[in-house]
K.L.:
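Submitted below is the structure of interest, expressed as structure tokens.
What you are looking at is a predicted structure, and each value in this text was computed from that prediction instead of being measured. These values consider heavy atoms only, across backbone and side chains, with no hydrogens, waters or symmetry-generated copies. Proteins get letters first, then strands, A, B, ... in listed order; numbering begins at 1 in each.
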Amino acid sequence: MDALASLAEASGRLRTQAADDALLRRWQTRATVWAASCDAAGSPVLLDAFHACLSHCDAAARLLVLDPGAEAAVAAASSRGIDAHVECVGDAADARKAALLAADALVVCGGGAAFVLDALAVGTPVTGVECAATMDAAGDAALLWRAGDPAAELIAATVERLRADAPLRARLRARGHARISRIAAPSESPA
Amino acid sequence: MNSDRNDEQLEQVRGEIRAAAATLRDRPRLAPSAPAPAAGADGIEAARRSYRIAELTDPPYHAFVEHAFRALLKRAPTPVEASAQLDLLGRGASKTEVLGNLRWSAEGRRVGVGVAGLLPRYLLAKLGRVPLLGYLVEGAVAFAALPLLARQLRAADAAISAGDSALGAGQKALAARADVLNQRIDDLRGLAHELGLARDELIRTLNMIDEGLRARASATEVALDDLARRQHDLEGVRRDELEFVRRRVYVMDRWFEALRGALDEVELAAGRRDARVREFEARTRDAITAADGGASAARLDRWLDALQPACAAGARVVTIGDDDWNERLAARGAIATSFAGTRAGDGPGLRDALAHVEDSCLGALVAPAFPALLRAIPADEFVDAATRVLQPGGLLLLGFAHEPVLAAALAGDIVPAVQPGVLATTLSVAGYSTRRIDAADGTPALLAWRESH
Amino acid sequence: MTRIAIVVQRCDESVVGGSEALAWQYARLLSDRFDVEVLSSTAIDYVSWRDELPSGVRLRDGIPVRRFPTLFERGPYWYGLHQRMMLEVQPFAAPRDGAPLAWREALQDEYVRFQGPCCPGLDDWLRDHHPDYAAVLFCTYLYPTTYFGIAEVPAHKTLFVPTLHDEPTAYLPAFAQRYAAHRNRIWLTAAEQRTAARIWGYDEGDVIGMAVEHSESAMPESRARPYLLYCGRIEAGKGCDELVRAMERVADRGLTLVLTGVDNMGLPRQPWIEYLGFVDERRKFELMAGATAFVLPSQYESFSIVTLEAMAQRVPVLVNGRCDVMREHIERSGAGFHYDGLDDMVAKIGRIATLDSGERARIGAAGREYVLANYREERVRARLVEQVERVIGAAAG
């Protein structure tokens, strides 16, 4: 089994694990909620995009950063004065699942494939900036933008569109489901 | 095909998102629910084309960068840009260098704002970045500026002293505030103590309520036990009553069973008696017949002769109560049938037998011992039946043979006493002509027929 | 014979449940014409969805039942979600400003999955083996077996029997979204179809219903006191608490309330309540035939075969008028009464208790005629076979 299949299987397991209910209650809100993952290079783009969302779309939006080393991103948010809207999710799988269940979308600006597969497995739409790992994981099941695009405004607009467009969400969810099924090894059946 | 269409739809969505992103900047900004990032107090003076260095370097840190962008590039910095310039300051760069970077960037050159005296200072700052030479230049400049530096140090010392004084005043104010807070804490402790007392009182009250409830619960339990006992007693009474009814029903059931048995026995006894009577009757009749020395045979021959016109070959003849007769009839070519059952209890048997005979099918109907037959069927009913079953020209022979009558009488049956003359009258009423054909032994008999019309 | 599958959350002789009985009846009715296979879970208990039966294929009355293991039991996590869903997803709680719900689709999926029975093996089987079946019939919208399973089968091959009723869960938008493409639908009643139009926004499909298998008249049970009869799960959610309260108010009329089925509520001990537990079918019909009235206080019913069985025994029925389906049965048949709220229920019980024999006979006859005219087995079988053949024909075409 290759690495991606193994990650997809782990994401499939996440589907049947309970989320952290206290965190879910805290994060589950009608306001825009982003779950996000980024690497060092993607952090400014993510924060720019979220800042654009706060400025133009939803002043009560919340950004839940999934990466274990997200403190740097939060610190950068602090320098922009938007730290009240940003939260680190932490390492625990149940917290990660709570964030994905509460979020309108997973926004990826760099980073690994695991979070993307988790989002596809639980049915959270994925958007963000293209990179090799993200594209390998998401295939055609995510709305990604080239790095050369004016990513910040595009990502903010994408999340806003996803919030408003149920059929689009349904299409992406269906693709995500098919994608995970294709990557992961099928479970045993009592045939 | 579907996949292609989906891709097309998705591409269309991408296009719409791009358009939305482009207009995003033009939308009214929503007021953020949390503090927004600090913004420069100065507006952008788009028309102003020249500044003094001091104007730009005076504001501290964030405000300096914001103001520099607005003055030199005529716009606010993006967060990334602001962050980069603040990083530069953090690494020890002079404000002059930051200003020079902005003024002589591609965008700065395009805007072309003038800052008097900035260029030499910027060049000097940049020279300071050259290895070795930069060190020497910075040293020389520092040496030349020693008096100025001394003055700045004195100013800084004064400022720090002033800051210390302000800090001292602040500390005093804080201490006073702390005193007030301590006083408040003492008040709160007092309140907490009172609350503690109230809580103890409440606990005591709750305990009393608890005890009261427990007492009531105990009383309720006792009452429930009592109720359960009573229910149990009632159930006992009901059980007894049910048991009583059940036994009564059982007794009645047994009684009915016994009654059924008795009735069965009565029925069995009656059956046995009937069989005994029948057997006795048959044996008596046979004995009498055997004792008559062939008289009955001669009698039958006489009657057969009389029946001869109706006993052609193939004619059907029914005889009631004598099997010998049949053999003699058969010898003469008739189809002979015999109906038994001339006893009183056999009534339905003879009636049924006659009822099953087709209309107008018999050449003759013969009853050698007519009086015995009357025990099973009344004379008028028999005559009606005979009228129905005899074919036109058919004969009815009614004998008065004494053997069966005697046997029945000996068996205890009452046989009606009928005289041939009375019978002839009855038959004539029913439309029959009759003729006496008494046998040689004197046994009377009537031959009857209906005139065909 | 053409092979088809029927997917249902539970399938076993010991299972008592409306939609399970419906699925099994459909399997039985279709097995004359098709090679039917039932796909289900290993659960028996509809609350815990414990993995109890052996997985794999077993024959039930000659029909193969393929069971897939349930992955976990329902727990406090789901009950927490359920509590919030009850407050937030009801129609009256919908945001007026058009803002989206706080319940994202992923969370709605989570709610359905953890409600149980969660059988990923069934989903995998359908994904890999749906080409082996000419059509797949999914029974009941509510459970993961249908919600996730149906996504694995091309919509033109599915035949969907929602057994929908107006309950808070039905308002989760994910259900409407998931089933929108699956247009071959069988509704049990016209009321159910209208409910779908109102809650989900679509109602294509045909009303077929469920056959009443036992319509022969039974010998009425003779009891010392006249009685109202309730048969089914005894739960507050089925309206039994309201029924007991109403009976309490008419206790002086000499009526008894006779109940059969499992008591999940804890019936009070009262002289006018008689709880018989489980009774066999014959006894049930005798009880129905001898009752003053059959009562169904549940607000959430999608068909209620037991009420139709009671109608077939010529007994007047009393149903909760807040349930559209039951109200429709009564309005179309004239077989009894519906009530609106506790006071009205008390009044209607009083009215039923004072019906003269002529009125009772007329109401009873109307009920029996309604059942025989609409829900005879041959009639339902013919319409069902026609539906399946239509789906198979379209899929092949």
K.L.:
Is a side-chain donor-acceptor pair under 3.5 Å present for Asp132(C) with His129(C)?
P.N.:
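Judged by distance alone, the side chains do pair up.
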K.L.:
Could you pull out all donor-acceptor pairs under 3.5 Å where a side-chain atom in residues 38-45 of chain A meets a protein atom, sequence neighbours excluded?
P.N.:
{"residue": "Asp39(A)", "atom": "OD1", "partner": "Ala41(A)", "partner atom": "N", "Å": "3.4"}
{"residue": "Asp39(A)", "atom": "OD1", "partner": "Gly42(A)", "partner atom": "N", "Å": "2.8"}

K.L.:
For Arg15(A), which atoms come within 4.5 Å of any heavy atom of chain C: side chain, backbone, both, or neither?
P.N.:
both
K.L.:
Which residues, numbered in order, of residues 172-182 of chain C come under 4.5 angstrom of chain A by heavy-atom distance?
P.N.:
Gln177(C), Arg178(C)
K.L.:
Sequence neighbours excluded, which residues qualify as side-chain hydrogen bond (donor to acceptor under 3.5 Å, both in side chains) partners of Thr169(C)?
P.N.:
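side-chain hydrogen bond (donor to acceptor under 3.5 Å, both in side chains) list for Thr169(C), sorted by chain: empty.
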K.L.:
Determine, for Trp187(C) and Arg194(C), whether the Lys NZ or Arg CZ falls below 6.0 Å from the six-membered ring centre while staying within 45 degrees of the axis.
P.N.:
no
K.L.:
Can you tell which part of Thr29(A) gets under 4.5 Å to a heavy atom of chain C, answering side chain, backbone, both or neither?
P.N.:
backbone
K.L.:
Need one label for Glu152(C): side chain, backbone, both or neither, based on atoms under 4.5 Å from any heavy atom in chain A.
P.N.:
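The answer is the side chain of Glu152(C).
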K.L.:
If only side-chain N and O atoms count, and only distance matters, is there a donor-acceptor pair under 3.5 Å linking Thr32(A) with Asp104(A)?
P.N.:
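No, no side-chain donor-acceptor contact under 3.5 Å.
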K.L.:
Taking the six-membered ring for Trp and the single ring otherwise, decide whether the centroids of Tyr143(C) and Trp49(C) are under 6.0 Å apart.
P.N.:
yes
K.L.:
Is it the side chain or the backbone of Glu105(C) that comes within 4.5 Å of chain A heavy atoms, both, or neither?
P.N.:
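Backbone plus side chain of Glu105(C), per the 4.5 Å heavy-atom cut-off to chain A.
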K.L.:
Taking atom types as modelled, find out whether Gln17(A) and Tyr77(C) have a side-chain donor-acceptor pair closer than 3.5 angstrom.
P.N.:
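No, no side-chain donor-acceptor pair sits under 3.5 Å.
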K.L.:
What pairs of donor and acceptor atoms, side-chain ones from residues 119-135 of chain A against any protein atom, are under 3.5 angstrom apart with sequence neighbours left out?
P.N.:
{"residue": "Thr124(A)", "atom": "OG1", "partner": "Leu100(A)", "partner atom": "O", "Å": "2.8"}
{"residue": "Thr127(A)", "atom": "OG1", "partner": "Leu143(A)", "partner atom": "O", "Å": "2.6"}

K.L.:
Under 4.5 Å, counting heavy-atom pairs only, tell me which of Ala103(A), Ala19(A), Ala102(A) racks up the most with chain C.
P.N.:
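Sorted descending by pairs with chain C, the first entry is Ala19(A).
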K.L.:
Heavy-atom distances under 4.5 Å only: say whether Leu122(C) touches chain A with side chain, backbone, both or neither.
P.N.:
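For Leu122(C), no heavy atom lies under 4.5 Å from chain A.
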K.L.:
Quick one: does Leu101(A)'s side chain get under 4.5 Å of Arg104(C)'s, heavy atoms only?
P.N.:
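No. Closest side-chain heavy atoms not under 4.5 Å.
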